2 protein chains.
Amino acid sequence: METTMLETERAAQILKLLGDKTRLTMIALVNEQDCCVCEFVEILQMSQPAISQHLRKLRDAGLVKEQRRGQWIFYSINKAFEGYSMIKEILKHVPNGAHHFEALEKAGLRIRCN
Amino acid sequence: METTMLETERAAQILKLLGDKTRLTMIALVNEQDCCVCEFVEILQMSQPAISQHLRKLRDAGLVKEQRRGQWIFYSINKAFEGYSMIKEILKHVPNGAHHFEALEKAGLRIRCN
DNA sequence: TGCATATATAAGTATATACTTATATAATGA
DNA sequence: TCATTATATAAGTATATACTTATATATGCA
């Protein structure tokens with residue numbers, strides 16, 4: 001696994017984005033699988049505009065990508081992002097996002113679209 | 001090297017502290033060697049109170065330790081900090097602090113005290 | 001076409017943050 | 001003891017941040 005070096009200022013920008021519980025959880029989630037906005041809302045128990053605003057920050061900075069599938073917009077982690085290797089390391093120290101999806105599945109709230 | 005897991009909220013707190021160029025540079029510096037306040041001031045070209053206030057945040061959170069040596073107070077990285085293993089990984093992606101000390105040395109501004 | 005659902009954006013607001021200047025505290029050395 | 005140096009703290013301020021509520025946009029479906 002390669003280690004991409006970042007300028008200090010660039011690294012600080014990325015760390016600042018991750019330095020918020022909501023966004024850090026979001027990244028842990030998309031690191032597991034693609035996730036649509038309404039799923040974020042359900043998992044994080046926050047208002048839809050609040051979720052959208054966090055996602056915009058992550059997308060604008062390039063950490064995540066968005067893709068429309070029908071009426072839903074799915075977010076995924078951007079593996080081409082220059083900070084991706086640092087993010088992956090950070091995520092090794094943070095609880096995995098998978099259990100959130102399992103809980104959603106149990107509650108029947110997981111979106112399935114093709 | 002061990003990987004200490006953190007709660008998401010705790011990890012976010014730490015990342016937020018590192019999500020500032022000044023503090024991230026400070027951590028990169030103390031990861032190399034102990035550093036006193038006037039050296040931080042010289043290297044970072046910021047006012048002494050601004051430096052002290054950043055150091056207080058890092059110390060209060062446990063990322064760094066302080067130790068008085070005569071008239072100087074030296075700061076060092078706290079290897080016993082629960083987030084230390086994550087920080088070490090992050091620093092692999094960030095420019096090393098060593099060149100700053102070399103520049104100080106050249107300028108004759110490095111403090112030597114025992 | 002028209003309504004419902006999913007998402008984004010805009011505007012407003014309370015709080016947090018990173019500085020500034022002024023001052024306090026602590027150690028050194030004449 | 002007094003002046004100097006190193007550092008911390010306090011108070012003030014401008015800006016950034018993370019929400020809120022209201023509204024706009026886009027898709028799907030009857």
Side-chain angles (χ1 to χ4, degrees), chain A residues 8-9 12-27 29-30 34-61 63-76 104 108-114, chain B residues 8-9 12-27 29-30 34-61 63-76 104 108-114:
Chain A
T8 305
E9 188 151 19
Q13 272 174 18
I14 297 166
L15 294 168
K16 185 177 213 169
L17 281 171
L18 299 179
D20 173 277
K21 190 189 179 183
T22 300
R23 287 191 297 263
L24 186 56
T25 305
M26 285 174 153
I27 292 291
L29 288 168
V30 294
D34 295 4
C35 191
C36 72
V37 178
C38 60
E39 290 173 321
F40 285 119
V41 168
E42 194 57 45
I43 289 169
L44 294 163
Q45 292 289 301
M46 291 180 59
S47 75
Q48 177 267 317
I51 293 292
S52 272
Q53 285 158 17
H54 282 298
L55 285 169
R56 181 159 60 148
K57 289 193 178 195
L58 293 174
R59 178 171 42 78
D60 286 355
L63 308 229
V64 303
K65 294 180 297 184
E66 71 171 46
Q67 184 198 15
R68 181 176 279 277
R69 292 186 212 161
Q71 56 190 144
W72 299 284
I73 295 179
F74 277 75
Y75 284 83
S76 56
L104 255 200
L109 295 167
R110 178 87 176 126
I111 304 297
R112 282 273 162 254
C113 72
N114 302 297
Chain B
T8 306
E9 188 151 18
Q13 272 174 18
I14 297 166
L15 294 169
K16 186 178 213 168
L17 281 170
L18 299 179
D20 174 275
K21 189 189 179 184
T22 301
R23 288 191 297 263
L24 185 56
T25 305
M26 284 173 154
I27 292 291
L29 287 168
V30 295
D34 295 2
C35 192
C36 73
V37 178
C38 60
E39 290 173 321
F40 284 120
V41 169
E42 195 57 46
I43 291 169
L44 295 163
Q45 291 289 302
M46 291 179 58
S47 75
Q48 177 268 317
I51 293 291
S52 271
Q53 283 157 17
H54 281 298
L55 285 169
R56 181 157 61 149
K57 289 193 177 194
L58 294 174
R59 177 170 43 78
D60 286 354
L63 308 229
V64 302
K65 295 181 295 182
E66 70 171 46
Q67 185 198 14
R68 181 177 278 278
R69 293 187 210 159
Q71 55 189 141
W72 298 285
I73 296 179
F74 277 74
Y75 284 82
S76 55
L104 256 200
L109 294 168
R110 178 87 176 125
I111 304 298
R112 283 271 162 255
C113 71
N114 303 297

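Please read all numbers here as calculations on a predicted model, not as lab measurements. The sequence lines fix the lettering, A, B, ..., with proteins before strands; numbering per chain opens at 1. Just so you know, these numbers use all the heavy atoms, side chains as well, and skip hydrogens, waters and symmetry mates.
- From B:Cys35, atom SG reaches atom CZ of B:Phe74 across 7.5 Å, with rounding to the nearest 0.5 Å.
- What separates CE of B:Met26 from P of C:dA18 is a distance of 11 Å, to the nearest Å.
- For B:Arg59, the side-chain hydrogen bond (donor to acceptor under 3.5 Å, both in side chains) test picks out B:Glu66, with sequence neighbours left out.
- OP1 or OP2 of D:dT17 lies within a sub-4.0 Å distance of a side-chain N or O belonging to A:Lys16.
- Side-chain contact between A:Leu63 and A:Leu18 is present, with heavy atoms from C-beta onward closer than 4.5 Å.
- Rounded to whole angstrom, the span from the CD atom of B:Gln45 across to the C1' atom of C:dA18 amounts to 18 Å.
- Taking atom CZ on A:Arg23 and atom C1' on D:dA16, their separation rounds to 12 Å, with Å as the unit.
- Here D:dA6 presents its C1' atom at 14 Å from CZ of B:Phe40, a figure rounded to the nearest Å.
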Any N/O pairs under 3.5 Å between the protein and nucleotides 7-10 of chain D? List them or say none.
from	atom 1	to	atom 2	distance (Å)
D:dT7	OP1	B:Val37	N	3.4
D:dT7	OP1	B:Ile73	N	3.2
D:dT7	OP2	B:Cys38	N	2.7
D:dA8	OP1	B:Tyr75	OH	2.5
D:dA8	OP2	B:Ser52	OG	2.6
D:dA8	N7	B:Gln48	NE2	2.6
D:dA8	N6	B:Gln48	OE1	3.3
D:dA10	N6	B:Gln53	NE2	3.1

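- Taking atom NZ of B:Lys57 as the reference point, atom P of C:dC19 lies 9 Å away to the nearest angstrom.
- With sequence neighbours left out, the side-chain hydrogen bond (donor to acceptor under 3.5 Å, both in side chains) criterion links B:Gln13 to B:Arg10.
- For the pair A:Arg69 CZ and D:dG28 C1', the interatomic distance rounds to 17 Å; values are reported in whole Å.
- At least one side-chain heavy atom of B:Tyr75 sits less than 4.5 Å from a side-chain heavy atom of B:Val37.
- Within the structure, every side-chain polar atom (N or O) of A:His54 is placed at least 4.0 Å from both OP1 and OP2 of D:dT17.
- For B:Asp34 and B:Arg69, the salt-bridge test passes: some basic side-chain N is under 4.0 Å from an acidic carboxylate O.
- Counting any heavy atom pair closer than 4.0 Å across all strands shown, B:Lys21 reaches no nucleic acid atom.
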